[in-house]
Protein chains: 2
Amino acid sequence: MELTNLYKCLCDVQRLRILNLLKEGPLCVCHLQEILGETQVKTSKQLQYMKKLGVVGARREGVWMVYSLPEPTHPVLLANLHCLQADTDGFGDLIGDLKKRSAILRRFAANPGECPPVVYQATDGCHG
Amino acid sequence: MELTNLYKCLCDVQRLRILNLLKEGPLCVCHLQEILGETQVKTSKQLQYMKKLGVVGARREGVWMVYSLPEPTHPVLLANLHCLQADTDGFGDLIGDLKKRSAILRRFAANPGECPPVVYQATDGCHG
DNA sequence: TTAATATATGCAATAAGAAGTATATGTAGA
DNA sequence: TCTACATATACTTCTTATTGCATATATTAA
């Protein structure tokens with residue numbers, strides 16, 4: 001993957017937030033949508049954009065499409081996502097997003113029918 | 001400066017090459033133009049773009065406009081520029097660019113009238 | 001098969017960026 | 001002043017993204 005593709009993804013706040021979330025584990029479109037507070041179409045299209053550039057991967061799990069960072073994730077992407085947490089200028093959302101993600105994952109633990117196993121099993125990156 | 005602005009600059013190969021060069025020290029438009037093998041207008045416009053986003057700074061020195069990374073340079077920008085040298089996928093230019101820069105700086109040492117003092121004095125990042 | 005849910009796609013409008021040509025501005029020196 | 005040089009800007013054309021709305025597809029369950 002070209003490194004510029006990676007930066008093309010990072011230069012949009014929406015996509016940046018998505019990548020920040022996927023860093024913690026895979027998520028479905030509907031849950032990203034819920035966390036970001038965005039429409040289905042917009043969220044889906046951002047994901048398509050990143051998928052086409054090879055920055056995120058997707059696999060179908062029943063009704064859901066589970067998006068995730070490819071393994072192994074490009075070290076430059078990881079490094080940048082790591083920096084983001086530290087840099088809080090205009091990105092107060094990022095921490096909040098992770099908290100929302102954790103809340104959603106806890107909800108899944110209660111009723112597992114709400115998402116595919118891959119997602120609710122990814123409780124490793126669970127903050128807050 | 002917003003971090004996304006930084007990524008907006010990095011997502012274009014031309015701009016990436018410029019930033020990679022400026023990391024080593026300030027340069028005038030004409031010299032960047034010479035190294036990149038691009039037209040004056042194109043080079044100038046890329047610099048304007050980055051200047052507007054606050055990623056590079058400029059100051060006039062006589063006939064020349066000297067572009068440079070602002071002090072202190074954003075740590076995320078520095079970190080990424082540092083990674084670039086390591087990652088050679090499709091960026092063979094980067095090392096070559098630095099060599100061309102060094103050659104130009106040596107040329108300046110011989111005839112100092114070719115650029116403002118700020119530029120030819122910046123021999124610190126001189127590779128090759 | 002039908003219905004419900006999750007997701008993707010096609011189309012249209014708009015905005016943002018890229019690139020070229022011509023020209024303007026600013027500075028220094030004669 | 002005029003000239004030469006370095007750089008910027010205006011204007012046009014073209015491509016790429018962004019967004020919204022409507023609709024299509026895919027999967028599951030009934």
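Chain naming here is simple, since letters A, B, ... match the order of the sequence lines and numbering starts at 1 in each. Given the structure is predicted, the values throughout are model-derived calculations rather than measurements.
Atom-to-atom, CD of Gln46(B) to P of dA18(C) comes out at 6 Å; the value is rounded to the nearest Å. Taking atom CZ of Arg59(A) as the reference point, atom C1' of dA6(C) lies 17 Å away to the nearest angstrom. Going from atom CE of Met65(A) over to atom P of dT25(D) covers 16 Å, rounded to whole Å. Rounded to an integer number of Å, the gap from Tyr49(A) OH to dT9(C) C1' is 18 Å. Trp64(A) places its CH2 atom 12 Å from the P atom of dT5(C), with the value rounded to the nearest Å. For Gln40(A) and dT5(C), the CD to C1' distance is 11 Å, given to the nearest whole Å. A straight line from CG of Asp12(A) to P of dA15(C) spans 17 Å, rounded to a whole angstrom. Rounded to whole Å, the distance from NZ on Lys52(B) to C1' on dA18(C) is 14 Å.
OP1 or OP2 of dT9(C) lies within a sub-4.0 Å distance of a side-chain N or O belonging to Gln48(A). Contact annotation: Ser44(A) reaches the phosphate of dA8(C) (side-chain N/O to OP1 or OP2, under 4.0 Å). Side-chain N/O atoms of Arg15(B) include one lying less than 4.0 angstrom from OP1 or OP2 on dA18(C).
Backbone-only contact: Val29(A) has heavy atoms under 4.0 Å from sugar-phosphate atoms and none from a base. At the heavy-atom level, Lys8(A) lies under 4.0 Å from the strands shown only through sugar-phosphate atoms.
Comment: Arg17(A) does not engage Glu38(A) in a salt bridge, judged by the lack of any side-chain N to carboxylate O separation of less than 4.0 angstrom.
Minimum atom distance to the side chain of Lys42(B) is reached by dA19(C), of the listed dA6(D), dA19(C), dT7(C). Comparing dA8(D), dG17(C), dA8(C) by their nearest atom to the side chain of Val41(A) picks out dA8(C). Closest contact between the side chain of Cys28(A) and the listed nucleotides dT7(C), dT9(C), dC5(D) involves dT7(C).
With hydrogens and angles left out, the side chain of Lys45(A) and the base of dG20(D) share a donor-acceptor pair within 3.5 Å.
Mapping Arg60(A) and Val63(B) onto DNA chain D via the closest heavy atom, the residue that lands nearer the 5' end is Val63(B).
When each of Lys51(A), Gln14(A), Arg15(A) is paired with Gln46(A), the side chain to side chain donor-acceptor pair (under 3.5 Å) condition holds for Arg15(A) and for no other.
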Tell me, with the steps shown, if Asn111(A) and Glu114(A) meet side chain to side chain donor-acceptor pair (under 3.5 Å).
-> CA-CA 6 Å; Asn111(A) 30 330; Glu114(A) 253 191 275; 3.0 Å; yes
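Within a 6.0 Å radius of CZ in Arg59(A), other residues, nucleotides and ligands contribute 12 heavy atoms or fewer.
When only modelled atom types and interatomic distance are considered, Tyr7(B) and Asn80(A) share a side-chain donor-acceptor pair under 3.5 Å.
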